[in-house]
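Only one structure is covered here, and it is reproduced in the block below.
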Amino acid sequence: MHFDCQKLEPRQCYKLLISTVVPRPIAFVTTRGEDGKVNAAPFSFFNAMDYDPPVVVLGLEARPDGRLKDTAANIQASGQFVVNIVDEDLAHQMNVSAIDFEPHISEPMQAGLELTDSIDVAPPRIASSPVSMECEKLVTVELKNARHVVLGEVLHFHVRDDIVIDPEHFHFDVERLGAIGRLNASRYTRTRDHFDLKRIHVDHWDTETISRREE
Ligand SMILES: Cc1cc2nc3c(=O)[nH]c(=O)nc-3n(C[C@H](O)[C@H](O)[C@H](O)COP(=O)(O)O)c2cc1C
């Protein structure tokens with residue numbers, strides 16, 4: 001079936017995107033407001049975009065009334081945020097933090113999140129998160145309807161010790177990390193069902209097959 005996005009409602013495009021770009025990693029983002037209050041909220045329009053320097057991206061839509069979400073407003077004002085990766089143990093608290101609270105309500109308090117100081121940014125990280133990334137905003141692209149796409153440079157990674165297999169060679173235990181991903185609606189996925197697919201070097205792809213397939 002074909003869908004022409006130029007003829008669809010935004011909500012229909014949203015459903016197409018979240019049902020086909022799956023699974024999406026989840027950034028559980030902590031920020032600090034101008035009053036010092038800590039805000040926490042999950043975002044699955046999130047990914048890694050570069051590594052020199054390490055760059056992540058967040059897609060922050062506006063509230064239905066057009067106001068910026070607290071995360072977007074705080075990043076706009078302070079230029080700092082922390083991305084905390086969500087494992088199964090953190091899933092419920094992440095979900096509580098997605099409730100549409102007014103700015104004066106603290107999600108970390110409502111969700112019972114323990115916070116710990118960051119090194120170089122004002123927002124704290126979530127103590128029970130397996131991985132946290134201290135980020136500084138590089139640029140915000142403002143799309144229509146107050147949507148903010150934020151690119152941030154990762155200044156520090158905090159990785160729980162049991163996930164680090166070999167710090168010298170930067171080997172990490174992805175299964176132990178146990179990150180969850182978002183599918184559509186309220187459906188999530190685990191990351192423990194995996195298979196290996198080795199990269200094929202061009203020298204190992206025989207020349208006869210190349211010429212046959214190019215004919
Ligand atoms: C798993 C999950 C992923 C979400 N992803 C996004 C997203 O990518 N962009 C967005 O604007 N809202 C997303 N939301 C909704 C926000 O988390 C929600 O609007 C939250 O209340 C925003 O909080 P804030 O105003 O404190 O920033 C997501 C919610 C959940 C549960």
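For the numbers below, each heavy atom of this structure counts, side chains included, while hydrogens, waters and symmetry mates do not. Just so you know, ligand 1 is whichever comes first in the structure, and atom 1 is the first atom listed for that ligand. Every value quoted in this text rests on a predicted model; they were computed, and no experiment measured them.
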Does Arg63 have a heavy atom less than 4.0 Å from any atom of ligand 1? yes

Can you find a heavy atom in the side chain of Met133 that is under 4.5 Å from one in the side chain of Ile85? yes

Pairing donors with acceptors under 3.5 angstrom, does anything connect the side chains of Thr31 and Asp70? no

Rounding to 0.5 Å, atoms NZ (Lys69) and CD (Glu61) come to a distance of 4.5 Å

Nearest to atom 25 (O) of ligand 1, what protein heavy atom do you find, and at what distance? Asp70 N, 2.9 Å

Would you mind finding which of Ser106, Ala62, Pro42 brings a heavy atom closest to atom 13 (C) of ligand 1? Pro42

If you link ILVMFWY side chains whenever their heavy atoms are less than 4.5 Å apart, which other residues fall into the same cluster as Val82? By chain and number, please. Val121, Leu155

So do Gln12 and Leu16 actually touch side chain to side chain, heavy atoms under 4.5 Å? no

Among all the protein's non-hydrogen atoms, which is closest to atom 2 (C) of ligand 1, and how far away is it? Arg182 NH1, 3.5 Å

Contact region, Asn39 to ligand 1, non-hydrogen atoms below 4.0 Å, reads side chain

Location of contacts on Leu58 toward ligand 1, heavy atoms closer than 4.0 Å: neither

Mind listing the side-chain donor-acceptor pairs of residues 103-119 below 3.5 Å, one per line with the distance, residues two or more places apart or on another chain?
{"from": "Ser106", "atom 1": "OG", "to": "Met109", "atom 2": "N", "distance (Å)": "3.1"}
{"from": "Glu107", "atom 1": "OE1", "to": "Ala40", "atom 2": "N", "distance (Å)": "3.2"}
{"from": "Ser118", "atom 1": "OG", "to": "Pro123", "atom 2": "O", "distance (Å)": "2.6"}

Would you call Val86 a ligand 1 contact, heavy-atom distance under 4.0 Å? no

Is a side-chain N or O of Arg147 found less than 3.5 angstrom from the main chain of Glu142, in a donor-acceptor match? no

Sidechain N-carboxylate O distance under 4.0 Å for Asp65, Arg63: no

For Glu107, the ligand 1 atoms with a heavy-atom partner under 4.0 Å come out as 26 (O)

Which of the numbered atoms in ligand 1 are below 4.0 angstrom from a heavy atom of Ile99? 21 (O)

Distance to 0.1 Å, residue and atom name: give those for the protein heavy atom nearest to atom 5 (N) of ligand 1. Ser44 N, 2.9 Å

Where ligand 1 meets Thr71 - atom numbers and elements under 4.0 angstrom, heavy-atom basis: 24 (P), 27 (O)

the protein heavy atom lying closest to atom 20 (C) of ligand 1 turns out to be Ala98 O, 3.7 Å

Heavy atom of Phe46 under 4.0 Å from ligand 1? no

Does Arg24 reach ligand 1, in the sense of a heavy atom lying below 4.0 Å from it? no

Heavy atoms, side chains only, cut-off 4.5 Å: are Ser132 and His156 in contact? no

Shortest protein heavy-atom distance from atom 8 (O) of ligand 1, along with the residue and atom involved: Phe45 N, 2.8 Å

Between Glu175 and Arg192 (salt bridge meaning N to carboxylate O under 4.0 Å), is one present in this structure? no

For the residue pair Asp4 and His2, establish whether any side-chain heavy-atom pair is separated by less than 4.5 Å. yes

Which of these, Glu102, Glu61, Met94, Arg67, has its nearest heavy atom closest to atom 11 (O) of ligand 1? Glu61

Where is the nearest protein heavy atom to atom 23 (O) of ligand 1: which residue, which atom, and how far? Ala41 CB, 3.3 Å

Between Lys69 and ligand 1, which part of the residue brings a heavy atom under 4.0 Å of the ligand: side chain, backbone, both or neither? both

Which of the numbered atoms in ligand 1 are below 4.0 angstrom from a heavy atom of Gly59? 7 (C), 8 (O), 9 (N), 10 (C), 11 (O)

Parallel, tilted or perpendicular: which fits the ring planes of Phe170 and Phe172, with parallel below 30° and perpendicular above 60°? perpendicular

Of the backbone atoms (N, CA, C, O) and the side-chain heavy atoms from C-beta on, which set of Tyr188 has a member under 4.0 Å from an atom of ligand 1: side chain, backbone, both, or neither? side chain

